[in-house]
Participant: 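This structure is in structure tokens; I'll ask about it shortly.
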Amino acid sequence: MEFEIKLYLQDLIKISPILNTQHIQRWLIEYEKEFHNVINNCECRKWSKWLTANEKPFPCTCATREQDCIFIETYYKLNNVLDLYKRQRYFIGLVEKYHSIKNNKEELKAFTNHESLEHILSFDSKIIISLNPEPYEKLVLQLNEVEFEIVLGLQKTLLKTYL
């Protein structure tokens, strides 16, 4: 099974040095069945808890990363990025709302408690997957920033406001 999963990741890396949402969507669809199979057979239960109970998975602390977990984490992060991309129209409304209340501290405080803002503030156009803790190795997937202009613009505005 380990060899196959490495191929899944190689397929992703070969697509393009900069991933666009079409690449991501195609890869997610192509490996969806394997993703579910690997979660069902994975020793690490955080992924099945995420899939069945929508529990946010905690970061990996394993001394040796299993190929299954690397594949699942990659799939999970790309799936989240695609969801964020699909919600950009909604974020346009958040930008408009922000500009209409930015001078009202009380409304702005309530606005910052919006759950979508956590995803925007934590967004990075580089997805980093730890492959091995010792020696540290990582897989870096670069997203097409043009496709995430709305998210990045809102993130920049919010960071200016709160930092």
Participant: So does Lys33 get a backbone contact from the side chain of His36, meaning a donor-acceptor N/O pair under 3.5 Å?
Facilitator: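 Looks like no, no N/O pair under 3.5 Å.
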Participant: Can Ile18 be reached from Ile15 by stepping across I, L, V, M, F, W or Y side chains whose heavy atoms are under 4.5 Å apart?
Facilitator: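 Per the 4.5 Å side-chain linkage, Ile15 and Ile18 are not co-clustered.
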Participant: Is there a side-chain contact between Lys156 and Leu159, using heavy atoms and a 4.5 Å cut-off?
Facilitator: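 The answer is no, as the side chains (C-beta and beyond) never meet within the 4.5 Å cut-off.
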Participant: Please check if the distance between the ring centroids of Tyr75 and Tyr31 is under 6.0 Å.
Facilitator: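 No, ring centres 6.0 Å or more apart.
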Participant: Roughly how far apart are His99 NE2 and Leu94 CG, rounded to 0.5 Å?
Facilitator: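 Those atoms lie 11.0 Å apart.
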Participant: How long is the straight-line distance from CG of Asn144 back to OH of Tyr85, given to the nearest 0.5 Å?
Facilitator: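 The CG atom of Asn144 is 9.0 Å from OH of Tyr85, to the nearest 0.5 Å.
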Participant: As an exercise, state the distance from CG of Asp68 to CZ of Phe35, rounded to the nearest 0.5 Å.
Facilitator: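 Answer for the CG-CZ pair, Asp68 versus Phe35, is 11.5 Å.
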Participant: Between Leu131 and Ile70, is any pair of side-chain heavy atoms under 4.5 Å apart?
Facilitator: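 Of all side-chain heavy-atom pairs linking Ile70 with Leu131, at least one is under 4.5 Å.
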Participant: For a quick test of reading the model, state the closest non-hydrogen atom pair linking Val146 to Glu149 and the distance between them.
Facilitator: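 Closest pair (atom of Val146, atom of Glu149, distance): O-CG, 3.2 Å.
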Participant: Could you list the residues that satisfy salt bridge (charged side-chain N to carboxylate O under 4.0 Å, His left out) with Lys77, not counting sequence neighbours?
Facilitator: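 Partners of Lys77 under the salt bridge (charged side-chain N to carboxylate O under 4.0 Å, His left out) test: Glu73.
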Participant: Under a 4.5 Å cut-off applied to non-hydrogen side-chain atoms, are Leu78 and Leu12 in contact?
Facilitator: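 SC-SC contact between Leu78 and Leu12 confirmed.
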Participant: Identify the heavy atoms of Tyr8 and Phe71 that sit nearest to each other, and give their distance.
Facilitator: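 Closest heavy-atom pair between Tyr8 and Phe71: CD1-CE1, 3.3 Å.
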Participant: Would you indicate whether the side-chain heavy atoms of Asn80 and Tyr76 approach each other to under 4.5 Å?
Facilitator: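 Yes, close enough: below the 4.5 Å cut-off.
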Participant: How many angstroms lie between atom CG of Leu154 and atom CZ of Phe91, to the nearest 0.5 angstrom?
Facilitator: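 Interatomic distance, Leu154 CG to Phe91 CZ, rounded to 0.5 Å: 7.5 Å.
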Participant: Could you check if a side-chain atom of Leu141 sits within less than 4.5 angstrom of a side-chain atom of Val81, using non-hydrogen atoms only?
Facilitator: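 They are not in side-chain contact.
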Participant: Do you know which two heavy atoms are closest between Asn79 and Leu28, and how far apart they sit?
Facilitator: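 Where Asn79 meets Leu28 most closely, the heavy atoms are CA-CD1, 3.8 Å.
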Participant: Answer whether the closest heavy-atom distance between the side chains of Thr21 and Phe148 falls below 4.5 Å.
Facilitator: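 In contact.
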Participant: Of the non-hydrogen atoms in Leu19 and Glu147, which two are nearest, and what is the gap between them?
Facilitator: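 Closest pair (atom of Leu19, atom of Glu147, distance): O-OE1, 4.4 Å.
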Participant: Quick check for you: to the nearest 0.5 Å, what is the distance between Glu107 atom CD and Lys97 atom NZ?
Facilitator: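 The CD atom of Glu107 sits 7.0 Å away from the NZ atom of Lys97.
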Participant: Are there over 12 heavy-atom neighbours, none belonging to Gln142, within less than 6.0 Å of that residue's CD?
Facilitator: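 Buried by this count: over 12 neighbours within 6.0 Å.
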Participant: Is there side-chain contact between Thr157 and Val95, with heavy atoms separated by less than 4.5 Å?
Facilitator: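 No, too far: nothing below the 4.5 Å cut-off.
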Participant: If you round to the nearest 0.5 Å, how far is SG of Cys69 from CD1 of Ile129?
Facilitator: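 Rounded to the nearest 0.5 Å, the CD1-SG separation comes out at 11.5 Å.
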